[in-house]
There are 2 protein chains.
Amino acid sequence: MIEETGFRMERLKETAVSAAPPSRRATDAGQGISADLIAVLTAVTRGEPRVLTIQDQSALPSGPFQLEHRSLQAGLRAWVERQTHLPLGYIEQLYTFADRDRSGVSDGYPVISISYLGLTREQPASGEYEASWRSWYVYFPWEDHRTGAPPMIGESLLPALERWAKGDRSLAQNRWQRIAMTFGLEGRSWNEELVLQRYELLYEAGLIPEAWRTGAPAVPAIAGRPMILDHRRILATGIARLRAKIKYHPVVFELMPETFTLLQLQRCVEALAGRLVHKQNFRRLIEQQELVEETGELTADTGGRPAKLFRFRREVLAERAIVGTKLPIQRS
Amino acid sequence: MIEETGFRMERLKETAVSAAPPSRRATDAGQGISADLIAVLTAVTRGEPRVLTIQDQSALPSGPFQLEHRSLQAGLRAWVERQTHLPLGYIEQLYTFADRDRSGVSDGYPVISISYLGLTREQPASGEYEASWRSWYVYFPWEDHRTGAPPMIGESLLPALERWAKGDRSLAQNRWQRIAMTFGLEGRSWNEELVLQRYELLYEAGLIPEAWRTGAPAVPAIAGRPMILDHRRILATGIARLRAKIKYHPVVFELMPETFTLLQLQRCVEALAGRLVHKQNFRRLIEQQELVEETGELTADTGGRPAKLFRFRREVLAERAIVGTKLPIQRS
DNA sequence: CATCCTTATACTCCCTTTGAGTATTATATG
DNA sequence: CATATAATACTCAAAGGGAGTATAAGGATG
């Protein structure tokens with residue numbers, strides 16, 4: 001039954017903090033290990049980067065890799081399409097995790113988590129699994145720098161991180177250097193791609209509720225909404241990958257409607273990168289790379305002067321192997 | 001027994017072309033699937049990029065992920081260190097494959113292959129598993145462009161690819177475009193990172209012996225030395241990853257001895273990239289990024305004027321998150 | 001020992017890219 | 001009709017990167 005619906009409800013019903021070994025294990029008499037396929041499905045809606053979640057926003061869609069699946073991608077597509085009725089377009093593999101101490105299972109057979117990043121446009125998901133779209137930044141409030149560095153970094157994260165760094169004399173210097181590097185302190189600039197490194201640092205410092213499963217709570221939950229198992233780590237991996245990838249491959253267009261204005265495209269990129277982009281230079285970049293073509297139409301929905309509508313030139317994917325789409329990120 | 005030595009000898013003893021389902025399957029009474037850890041272990045010796053192989057140069061080291069392994073990396077390290085007695089330094093995950101039609105197993109339980117890239121300096125490997133180091137370019141003779149495009153591309157690959165492209169009228173144009181893009185034809189330049197795309201194209205065109213397992217031989221084996229199962233695809237993935245990575249992360253130094261001259265460093269990079277680099281600009285790049293520091297010593301072993309010896313400044317790994325080490329590749 | 005070959009290293013030049021602005025145009029709204 | 005908001009065009013300077021020349025310092029060769 002569980003295998004047929006895909007998601008392991010036993011596991012999903014656990015709260016984020018208590019994660020007893022799923023009862024499914026007990027029914028597995030076999031010797032082998034098992035592999036879960038986990039999807040980070042992303043869309044950008046009204047200027048917010050969003051992720052498809054299930055189970056009261058606490059889990060990513062996932063299902064076991066099964067005999068009838070011809071390939072990993074095929075298995076993932078099967079699960080997501082059956083469970084959300086969303087057409088799964090662009091997908092790419094993210095990472096394969098199997099750390100015993102992070103999956104919430106401390107004994108029994110190991111579970112391998114094979115994660116994928118998928119890009120679509122947001123559509124209402126079916127309600128069977130409590131599927132809903134949520135902003136990335138609900139889970140990672142320190143990652144959105146579009147209106148400057150979030151106050152919570154200076155107010156709660158950094159003080160707590162500093163306490164942690166000082167907690168071990170011999171490691172203090174090393175720890176502080178990692179903090180400074182990942183958070184862009186001491187003259188260094190913010191690097192939006194270090195999503196996973198920041199999360200892992202906070203995890204190590206005990207500021208992530210997911211870390212408390214293997215021990216006692218260290219500090220109050222100050223660092224974003226948790227998820228079950230290591231799902232938030234997987235989401236961090238997906239965000240990091242996407243933030244890196246938009247700079248050298250035209251994947252943004254998978255998130256855009258058929259036609260769009262250049263500002264809409266820019267807002268989408270900004271939502272993903274979590275920071276603002278220099279408007280004029282952004283346009284220059286897009287146009288000189290011939291990534292888009294005019295549709296000939298205008299739209300007046302933008303507030304000011306009507307904007308030209310563009311469409312993605314799908315041909316470029318065939319013409320060029322790798323397209324440099326570096327972001328003209330605003331420094332001041 | 002098999003589990004203890006790690007490599008599945010049954011599978012490894014198969015020839016490259018015939019790949020019957022391994023007998024190990026029969027002993028697995030369990031329901032679960034199984035996961036193999038596969039290592040692409042690379043070194044650069046005397047100007048040649050090399051890979052550690054076993055079983056008469058036809059396989060990559062691999063072993064099953066087991067209960068006692070705390071993590072995937074831990075499992076891989078355990079196998080490689082036990083089997084080759086090499087200290088496994090830098091490793092990173094490559095990709096997880098599980099295509100039923102590519103693994104040589106058309107029925108039975110699926111095998112997941114989790115592959116890793118490892119970088120070391122070449123050391124004699126133990127002989128138990130017929131471990132030996134081989135040049136990458138034995139398996140991918142079309143990938144070494146250091147002395148210009150290999151003649152075999154024009155003499156055998158392109159004619160055969162063209163025949164294949166023309167073999168299907170409706171796909172001909174699309175196929176030819178892919179050929180032109182991956183091999184840098186028609187005004188496009190050679191892109192050394194497209195290792196996997198080129199291999200997959202040749203595979204699709206039936207020019208790779210590994211592809212004949214699921215059908216009849218199409219053409220004589222012209223395209224490099226084969227490997228068992230999909231090991232050559234995994235090697236291609238590793239080469240592609242490494243060629244991309246040396247451009248933005250200082251991983252080359254994992255392959256270098258403690259001290260080295262700048263020309264030695266350059267030759268190493270050239271071996272990996274499969275193409276030549278502009279000497280003066282390469283030095284400028286390395287020095288202005290402060291990746292190295294002088295040891296104060298000179299070496300006269302280089303043939304001409306004695307060269308300064310340098311050592312990698314390991315501190316940069318902590319100082320900066322991502323270092324741009326773009327290659328000043330020679331155009332003319 | 002003068003010459004040549006080979007490699008090392010310093011420096012120049014110029015074109016392209018890119019960060020950061022200013023200026024101008026076109027709508028909607030009060 | 002002034003004003004706000006976008007859209008779009010254009011400028012400018014600094015940095016980066018491709019390509020080459022010039023010079024230095026060894027060994028090998030006759």
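Just so it is clear, the structure is predicted and the values come from calculations on it, not from any experiment. In what follows, chains carry the letters A, B, and so on, assigned in the order in which the sequence lines appear, proteins first and then strands, with residues in each chain numbered from 1.
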Engineer: Just to verify, what does A:Thr259 make a side chain to side chain donor-acceptor pair (under 3.5 Å) with, not counting sequence neighbours?
Structural biologist: none
Engineer: Under the ring-ring contact (aromatic ring centres under 6.0 Å, His included) rule, collect the residues that match up with B:Tyr95, sequence neighbours excluded.
Structural biologist: B:Phe97
Engineer: Check if the side chain of B:His278 and the base of D:dG20 share a donor-acceptor pair of N or O atoms closer than 3.5 Å.
Structural biologist: yes
Engineer: Going by side chain to side chain donor-acceptor pair (under 3.5 Å), name the residues that satisfy it together with B:Glu287, two or more places apart in sequence or in a different chain.
Structural biologist: none
Engineer: Under 4.0 Å between any heavy atoms, over every strand shown, what does A:Leu262 touch: base, sugar-phosphate, or nothing? Just pick one.
Structural biologist: nothing
Engineer: Measure the distance from CZ on B:Phe282 to P on C:dT7 and round it to the nearest whole Å.
Structural biologist: 16 Å
Engineer: Summarise how protein sits on nucleotides 24-30 of chain D as a single string, 5' to 3': B when a protein heavy atom is under 4.0 Å from the base, S for sugar-phosphate-only contact, - for no contact.
Structural biologist: BBS----
Engineer: In chain order, what residues pass the salt bridge (charged side-chain N to carboxylate O under 4.0 Å, His left out) check against B:Arg146, with sequence neighbours excluded?
Structural biologist: B:Glu48, B:Asp144
Engineer: Who are the side-chain contact (heavy atoms from CB on, under 4.5 Å) partners of A:Arg178, not counting sequence neighbours?
Structural biologist: A:Trp164, A:Asn174, A:Leu201, A:Glu204
Engineer: Could you list the protein-to-nucleotides 10-17 of chain C atom pairs, N/O on both sides, closer than 3.5 Å?
Structural biologist:
none

Engineer: Residues in side chain to side chain donor-acceptor pair (under 3.5 Å) with B:Trp176, at least two apart?
Structural biologist: B:Glu186
Engineer: Using the side-chain hydrogen bond (donor to acceptor under 3.5 Å, both in side chains) definition, which of the options A:Lys245, A:Arg243, A:Lys247 pairs with A:Glu193?
Structural biologist: A:Lys247
Engineer: Applying ring-ring contact (aromatic ring centres under 6.0 Å, His included), name anything that partners B:Trp133, two or more places apart in sequence or on another chain.
Structural biologist: none
Engineer: Taking atom P of C:dA20 as reference, at what distance in whole Å does atom CG of A:Leu285 sit?
Structural biologist: 14 Å
Engineer: Check whether any side-chain N or O of A:Lys279 sits under 4.0 Å from OP1 or OP2 of D:dA7, and answer yes or no.
Structural biologist: yes
